[in-house]
Amino acid sequence: MDWFDVKEAARGPEARSASRAPSPPEARSPEAPRLEPGPLESNAEALVAGLNEAQRAAVLHGDGPLLIVAGPGSGKTRVVTSRIAHLVLERGVTPHEILALTFTNKAAREMRERVERALGSTVGLWIGTFHGIAARILRREIEALGGYTRDFTILDTADRNALLKQLIKDLEYDPKRFRPQVVGGWISERKNRAARGEEGVRVVHSELGGLEEDVFQRVEALYAQRLPALNAVDFDDLLLLVLRLFDEHPGLRDSYARRFRHVLVDEYQDTNRVQYRIVRHLASWHGNLSVCGDPDQSIYGWRGADIRNILDFEQDYPSAAVVRLEQNYRSTQYILDAANAVIRNNTARKHKELFTEPGNVGEKLIRIECSDENDEARAIVRQIREFVAGGARYAHCAVLYRANFMQRALESALRLDAVPYQVVAGLEFYQRREIKDLVAYLRLAVNPADDVAFVRAVNTPARGVGDTTLARLVAAATAAGVPLTRAIEDDAVLAEVRGRARSGLFAFRTLLARLADARELDAAVALDVVLQEIDQTRWYAEMDDGEGVQDRIANVDELRAYAEEYDDRQRSTPGEATGLRGFLQDIALVADADGGEESGDQVRLMTLHAAKGLEFPFVALAGVEEELLPHGRALAEAPDQSTVVEEERRLFYVGLTRAGARLVLTHANYRGFFGGGRPASPSRYLEEIPPELCAGGGVEFGKSRAVAFEVEDEEAALGAFEHTGSKLAIGDLVEHGHFGRGRILQLVGSGVNARASVDFVGAGTKQLLLQYAKLVRLGR
DNA sequence: GTTGATAATCTTTTT
DNA sequence: GATTATCAAC
């Protein structure tokens, strides 16, 4: 079977899609839709060239359990795609008998696109994220569990935290002390542990020293009781309820296990115990379970991912075929050497050594030391320009960072230099206020029990319903045991309210009644109803934060466009008309609305976590510093340091291996936050990269300024001592008679030449001769 | 009682 | 910097 030209695989997507493949053998199943094969995007034969005949057959179209352990850049997603195509075209498997599970929507989309290119269609195939597929299953079956209807709301993390905060207050605890986020994380972990059969295990959160466990448990109990009352599920429940469904209803379980003759799981190293058990159920009939993953890229331990799932696969499925794909088709040897050198320091792993084509040596890594985050951003922009000047496009470049707050400095430097960029899954679209407001109305239309949405919508735009009125409503609703939407239908309840609040509630009640008719409408039409019913002028006016409301209006338009697109997709997909409720459940699970769409020639900005599975010829890794990578908070919370140090190392490894040709690593000596900041030092992981792999054998400096960039210049610090009476260090907070307060970025020279560069609040960065500038040290 | 302005607070990663 | 708590003014 060689439908594909080996050499094409190496040439890039444009070249590949230009070719046409000869016809494959006729599909055997009578149910199989007639599929016109398109060119597979990449040559699966080439990717599995190192395998023997039996392994190759197992990977491409074999039955039974299969484990593919594949390093970064091995083309494993392409192999999985090829497998789907081979199953359909060669084994006569009908598309609707295949279930492919991924972790991110982006991965699912990519897989769908690739399969579409290979088969000409994805009709009938179930390709989606674990959570998306779980929502789909629950939409059909949740009523079997009792207490829920298919109109259930999916609470995202922000909603969950809002609810938890309310519950914490109801129990008369201080939400500042028991932060909803922390409590939520604790509950999440408990749920996950319960699925591992570890109910009795105490989860101790280091932030509180485990002293208030009973408080956590009380909130947890109340929360567990509230969710079904709201007809709502959180992200954990989505999976847990599917598991419960399969556990408690074997007949139903079997119907799914028989329906899917082949189950494929990508990024298996990131599965948690609940997902593990769901997959086991699904594979219980045919045992045709193919998983692929890379233990070295397991970066979701903090969210319950259990690396044992992949490490123990062969014990769980003793007849499993195991295939390793170690050749890397992405990166040059220097990059791979660096990645290998870093990951080698992890103990909890299976040995794996990446290799590339002989002769693909490439160029050395570029390591840049910068003074602060702005200097770092400028250095990265310079590197990008240089790379692009060499003939590459902006879209070939990515800037990766550990935490979202680092995005800002990078963005402003890119903007200043007019470099086009796109933030991938930054501030989530559906988290924006105007979107959440509109979605709250839609949620109420579908699920009147959704009190979280009610609270959000009732006074947006302002209807004169404040905290007191709301508290009264909640009390009445709780007493009657009904949702808030029912409580305001009761005239006796409204009789207690006077004035503006009263008329506001009446107006809201009428609005809800009209909205109730929208629940069976298409998403876009329902959205129009909401937009008609609310006082848009007022609503926009309230959100006007000086910048104008153009962005917000644009976002609303975008939501509407997305709703329309969803409706279109529904119409063209026979079988499951899900309408508005499907739309709402869908968007709760999608973080990046406009995301993914390769929108032109732009540099991509994203977190390291978001970068997994992607590749770019040019990658800049910002903030390779202690406290950031490994992250200080992760270390602080860890019951076991080495677990975190290793997981963060894997994160670094993921970052390194995204790069194809040029890899830039930067770190700053001072990292500013809002208002504050702190001195920073290079990451311990940076020292694990042999210096000879870096250009110039080591460090390059961020600024082209003539000033030397000694770190913590001892002499200069002494010089400063002479002039200020106290020893200064980089990062110190100082006061200047003229410029006010600032922070020391650099100390250079000694004696009368001792100079400091100080970043003043308001006045910017100044170079000062210490002899004259009478700096007063205020502290760090 | 509600609203709008000012002050405090917190910045890990995500389905 | 943006969200959220607090408080004076309607």
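The basis for the numbers below is simple: all heavy atoms, side chains too, and nothing from hydrogens, waters or symmetry mates. Chain letters run A, B, ... following the sequence lines, proteins first and then strands; every chain starts at 1.
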Below 4.0 Å: OP1/OP2 of [N] and any side-chain N or O of [X]:
X: A:T469; N: B:dT2; value: yes
X: A:R671; N: B:dT11; value: no
X: A:R633; N: B:dT11; value: yes
X: A:T468; N: B:dT2; value: yes
X: A:N404; N: B:dT13; value: yes
X: A:K436; N: C:dT3; value: no

What does [X] touch in the nucleic acid at a heavy-atom separation under 4.0 angstrom: a base, only the sugar-phosphate, or nothing?
X: A:F235; value: base
X: A:T157; value: base
X: A:R498; value: nothing
X: A:A403; value: sugar-phosphate
X: A:D236; value: nothing
X: A:N459; value: sugar-phosphate
X: A:R472; value: sugar-phosphate
X: A:K612; value: nothing

Figure out the [atom1]/[atom2] separation between [X] and [N], and round it to whole Å.
X: A:F103; N: B:dT13; atom1: CZ; atom2: C1'; value: 15 Å
X: A:I299; N: B:dT12; atom1: CD1; atom2: P; value: 17 Å
X: A:R456; N: C:dT4; atom1: CZ; atom2: P; value: 9 Å
X: A:Y401; N: B:dT14; atom1: OH; atom2: P; value: 9 Å
X: A:R678; N: B:dC10; atom1: CZ; atom2: P; value: 15 Å
X: A:L138; N: B:dT15; atom1: CG; atom2: P; value: 19 Å
X: A:E373; N: B:dT11; atom1: CD; atom2: P; value: 18 Å
X: A:Q275; N: B:dT14; atom1: CD; atom2: P; value: 16 Å

Toward the 5' end of DNA chain B, which comes first, A:A634 or A:G464, by nearest nucleotide?
A:G464
Which residue, A:Q181 or A:R303, contacts DNA chain B at a nucleotide closer to its 5' end, judged by nearest heavy atom?
A:Q181
Would a 4.5 Å heavy-atom cut-off, applied to side chains only, mark A:L227 and A:V233 as touching?
no
Between the base of B:dT2 and the side chain of A:R500, is there any donor-acceptor pair under 3.5 Å?
no
Quickly, which of A:H631, A:R402, A:R684 forms a side chain to side chain donor-acceptor pair (under 3.5 Å) with A:E648? Name it, please.
A:R402
Verify the ring-centre separation between A:H131 and A:F103: is it less than 6.0 angstrom?
no
Between [Y] and [X], does any NZ, NE, NH1 or NH2 come within less than 4.0 Å of an OD or OE carboxylate oxygen?
X: A:E189; Y: A:R303; value: no
X: A:R671; Y: A:E627; value: no
X: A:D296; Y: A:R650; value: no

If you only use heavy atoms from C-beta on, which nucleotide in B:dT13, B:dT11, C:dT4 is closest to the side chain of A:R179?
B:dT11
For A:H631 and B:dT12, do the ring centres fall under 5.5 Å apart while the planes stay under 30° apart?
yes
Are the ring of A:F130 and the six-membered base ring of B:dT15 within the stacking cut-offs of under 5.5 Å and under 30°?
no
Is the A:Y562 ring parallel, tilted or perpendicular to the A:F583 ring (thresholds 30°, 60°)?
tilted
Could you pick out which residue, A:R408 or A:K169, lies toward the 5' side of DNA chain C when each is mapped onto its nearest nucleotide?
A:R408
